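Report on the structure given below.
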Number of protein chains: 2
Amino acid sequence: MSVSERKVQERAAREELILGHARGFLLRRGFQDWNMEQLAGAVNYAKGTLYLHFESKEDLCLAVATRALRERADLFERASRFTGKTRERVRAIGFACCEFACSHPDYFKVELMLKSASFWERATETRRQAHQMEGARCFRLVHEVVKEGMRAGDLPHDRMTSESVAFALIAVTVGSHIMSLEPAMKLVAGIDDPIRTVRQNQDLMCDGLGWRPLLADWDYSATDARIRREIFPTATWCDPVATAG
Amino acid sequence: MSVSERKVQERAAREELILGHARGFLLRRGFQDWNMEQLAGAVNYAKGTLYLHFESKEDLCLAVATRALRERADLFERASRFTGKTRERVRAIGFACCEFACSHPDYFKVELMLKSASFWERATETRRQAHQMEGARCFRLVHEVVKEGMRAGDLPHDRMTSESVAFALIAVTVGSHIMSLEPAMKLVAGIDDPIRTVRQNQDLMCDGLGWRPLLADWDYSATDARIRREIFPTATWCDPVATAG
DNA sequence: TCCGATATTGACCAATGGTCAATATCGGGG
DNA sequence: CCCCGATATTGACCATTGGTCAATATCGGA
């Protein structure tokens with residue numbers, strides 16, 4: 001390996017190191033309750049060195065978020081290789097989403113941060129695009145299954161566009177995750193298991209869309225077991241039972 | 001009017017003035033892109049005066065958000081006085097939510113800000129409670145209609161608790177609003193009218209919940225017209241047609 | 001008009017994101 | 001093994017800004 005190759009690799013390794021620590025800071029303390037000096041201390045480099053990798057604190061945090069979003073898209077991709085009825089396949093993606101949420105607790109809080117304030121515009125154009133690309137990947141993977149559902153005749157295609165259907169599924173999922181974050185809401189709505197709630201709401205939306213077989217007409221707990229066995233054998237959460245009904 | 005009474009009134013008026021300008025700043029520039037000095041200048045007072053009313057910038061912004069949330073709850077309350085079938089009544093609340101979203105563009109962005117970072121803990125306990133109270137009011141108003149729907153037999157009550165149903169409706173609504181904020185998402189999902197999309201998704205969720213009469217079995221465009229006429233005659237948005245189907 | 005009380009102010013402080021001249025390290029050639 | 005130019009790293013420094021409080025202005029009653 002040449003010297004310059006090694007340098008590149010070392011640089012990449014350091015970037016990983018920084019991102020890893022920044023992720024911990026972000027998840028544990030949000031955006032405000034830590035500063036670049038502290039992060040520099042944690043990775044044993046000077047503050048200036050951080051700025052050799054990232055243009056601003058926001059830029060760095062966006063990079064953290066994008067890395068997580070890429071993992072999410074990767075899980076979606078794995079899930080979309082699941083075979084079966086189209087509604088089973090979209091269910092696998094829903095499963096992937098929950099798998100992700102479990103292994104990245106509070107990720108949605110970080111994602112919310114991105115949408116707020118002047119965050120976006122303080123990041124590099126490159127990183128903005130990278131984030132959008134991973135987001136688009138997630139959408140596309142859902143969208144593909146929706147289109148298959150329509151082609152197969154499992155899902156009505158005369159009322160809504162496939163894009164609107166994908167959007168509805170994503171909206172109910174994200175909305176459920178976000179609302180579950182709030183302790184007060186969990187209390188007032190009597191939510192003990194947020195993940196279960198998310199999946200239940202996904203089921204309701206699929207039924208509302210008329211995606212067959214409807215919840216009542218199929219043993220989706222068996223589907224879940226198969227998803228777990230075939231796609232996510234190392235799933236970090238436990239909910240082998242059907243989610244609603 | 002005594003001197004002290006006048007003082008109190010003047011103080012309240014000034015607080016309103018500050019909150020009004022802060023609202024403009026927040027909606028137009030987010031949280032970061034303005035400072036307390038600028039806000040003080042805008043209302044023609046010194047910075048220190050702002051801190052006679054609010055403990056911190058976050059405290060001030062939370063107060064702005066709570067004022068908006070109160071308006072939202074007020075609209076929900078008006079809407080819940082609508083008469084008709086229970087699904088028509090919950091539809092009126094959905095209508096109110098959209099009416100609110102239209103008259104408070106970008107409100108959800110502000111609401112997101114509250115959930116993120118160390119925002120919450122930098123505000124006064126009093127203001128935190130005020131916000132939670134208005135949030136709980138919104139939930140309760142939806143919950144009441146859900147319970148009525150169950151009592152009336154319009155909505156199955158054996159599968160889900162009334163709280164879970166209310167949560168599902170709120171989650172799909174908030175999720176749709178939030179996802180609609182993102183320009184990239186609007187583009188990729190082909191959303192031209194965000195409000196129409198929100199209402200459509202609410203319809204889908206109600207159908208999924210089995211809330212009768214289902215969308216296909218009732219002329220909800222007539223209901224919308226009646227809601228508009230009886231409850232929101234001055235509605236600031238225009239969508240007199242049915243939203244799905 | 002004067003005085004004590006109250007209200008308002010803006011200079012000041014501390015914290016922190018971001019910069020860059022100074023310094024340390026590296027690696028190849030002699 | 002040493003030396004030197006190139007490159008990498010550093011942390012003192014700067015500007016901004018949220019927040020404080022002693023100094024000042026205003027008020028209202030006697």
Side-chain angles (χ1 to χ4, degrees), chain A residues 1-18 21-22 25-26 29-64 113 116-124 127, chain B residues 1-19 21-22 25-26 29-64 113-114 116-124 127:
Chain A
M1 186 192 302
S2 78
V3 169
S4 70
E5 275 174 333
R6 200 200 64 210
K7 290 268 173 89
V8 166
Q9 203 169 349
E10 280 175 357
R11 190 188 154 84
R14 190 170 63 183
E15 192 151 314
E16 275 306 299
L17 181 73
I18 296 169
H21 279 262
F25 276 36
L26 258 180
R29 305 206 241 161
F31 179 70
Q32 301 248 34
D33 271 4
W34 55 277
N35 59 49
M36 296 296 271
E37 195 95 27
Q38 289 165 11
L39 178 59
V43 295
N44 274 98
Y45 282 98
K47 189 163 59 159
T49 306
L50 301 186
Y51 285 91
L52 297 175
H53 291 268
F54 307 98
E55 205 167 68
S56 65
K57 190 181 183 183
E58 284 86 353
D59 198 40
L60 178 129
C61 292
L62 178 58
V64 172
M113 191 184 63
S116 92
S118 48
F119 209 98
W120 202 247
E121 64 204 25
R122 293 189 196 201
T124 320
R127 274 189 233 283
Chain B
M1 184 191 306
S2 78
V3 169
S4 70
E5 277 175 333
R6 201 200 64 207
K7 289 269 173 90
V8 167
Q9 203 170 348
E10 280 175 357
R11 190 188 154 84
R14 190 170 64 180
E15 192 151 312
E16 275 304 300
L17 180 73
I18 297 170
L19 285 172
H21 279 262
F25 276 36
L26 258 181
R29 305 204 241 162
F31 179 70
Q32 302 249 30
D33 272 4
W34 55 276
N35 59 49
M36 297 296 271
E37 194 93 32
Q38 288 164 12
L39 178 59
V43 294
N44 273 98
Y45 282 98
K47 191 163 56 158
T49 306
L50 301 186
Y51 285 91
L52 297 175
H53 291 268
F54 307 98
E55 204 168 70
S56 66
K57 190 181 182 183
E58 284 85 355
D59 198 40
L60 168 73
C61 292
L62 178 58
V64 172
M113 191 183 63
L114 302 187
S116 92
S118 47
F119 210 97
W120 202 248
E121 63 204 25
R122 294 190 195 201
T124 320
R127 286 210 164 74

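We use all heavy atoms of the structure for the numbers below, so side chains are in, but hydrogens, waters and symmetry mates are not. All of these numbers come straight from a predicted model, not from anything done at the bench. Residue numbering restarts at 1 for every chain, and letters A, B, ... go by the order of the sequence lines.
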State whether the distance check finds a donor on one side and an acceptor on the other, under 3.5 Å, for side chain Lys47(A) versus base dG18(C).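 Answer is yes: a donor-acceptor pair is held.
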On DNA chain C, nearest-nucleotide positions of Tyr51(A) versus Tyr45(B): which is more 5'?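 Its nearest nucleotide lies further toward 5', so the answer is Tyr45(B).
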Between Gly48(A) and Thr49(B), which has a closest nucleotide on DNA chain C that is more 5'?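 Closer to the 5' end of DNA chain C: Thr49(B).
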Presence of salt bridge, Arg6(A) and Glu10(A), under 4.0 angstrom: yes
What does Arg122(B) touch in the nucleic acid at a heavy-atom separation under 4.0 angstrom: a base, only the sugar-phosphate, or nothing?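 Nothing, no heavy atom under 4.0 Å.
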For Arg11(B), report the nucleic acid contact type (base, sugar-phosphate, nothing); a contact means any heavy atom under 4.0 Å.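 Touches nothing.
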Give the first and the last nucleotide of DNA chain D, reading 5' to 3', that has any atom under 4.0 Å from a heavy atom of chain B.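 Contact boundaries, 5' end first: dT17(D) to dG29(D).
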Separation of Arg127(B) CZ from Phe54(B) CZ (nearest 0.5 Å): 5.0 Å
Hey, are the side chains of [X] and [Y] touching, using non-hydrogen atoms and a 4.5 Å cut-off?
{"X": "Glu58(B)", "Y": "Glu121(B)", "result": "no"}
{"X": "Leu17(A)", "Y": "Tyr45(A)", "result": "yes"}
{"X": "His53(A)", "Y": "Ile18(A)", "result": "yes"}
{"X": "Leu50(B)", "Y": "Val43(B)", "result": "yes"}

Going by the rule salt bridge (charged side-chain N to carboxylate O under 4.0 Å, His left out), which residues pair with Glu15(A) if we only count those two or more places apart in sequence or in a different chain? none
How close do Phe119(B) and Leu62(B) get, counting heavy atoms only, and between which atoms?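 Of all heavy-atom pairs spanning Phe119(B) and Leu62(B), the closest is CE2-N, 4.2 Å.
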What integer distance in Å separates [X]:[atom1] from [N]:[atom2]?
{"X": "Gln38(A)", "N": "dG17(C)", "atom1": "CD", "atom2": "C1'", "value": "13 Å"}
{"X": "Glu58(A)", "N": "dG17(C)", "atom1": "CD", "atom2": "C1'", "value": "9 Å"}
{"X": "Leu39(A)", "N": "dG18(C)", "atom1": "CG", "atom2": "C1'", "value": "14 Å"}

So what is the end-to-end bend of the helix from dT1(C)-dA30(D) to dG30(C)-dC1(D), with 5 pairs used at each end and the value given to 10 degrees? 20°
Polar side-chain atom of Lys47(B) near backbone of Leu39(B) as donor-acceptor pair, under 3.5 Å: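 The answer is no, because no donor-acceptor pair under 3.5 Å joins these two groups.
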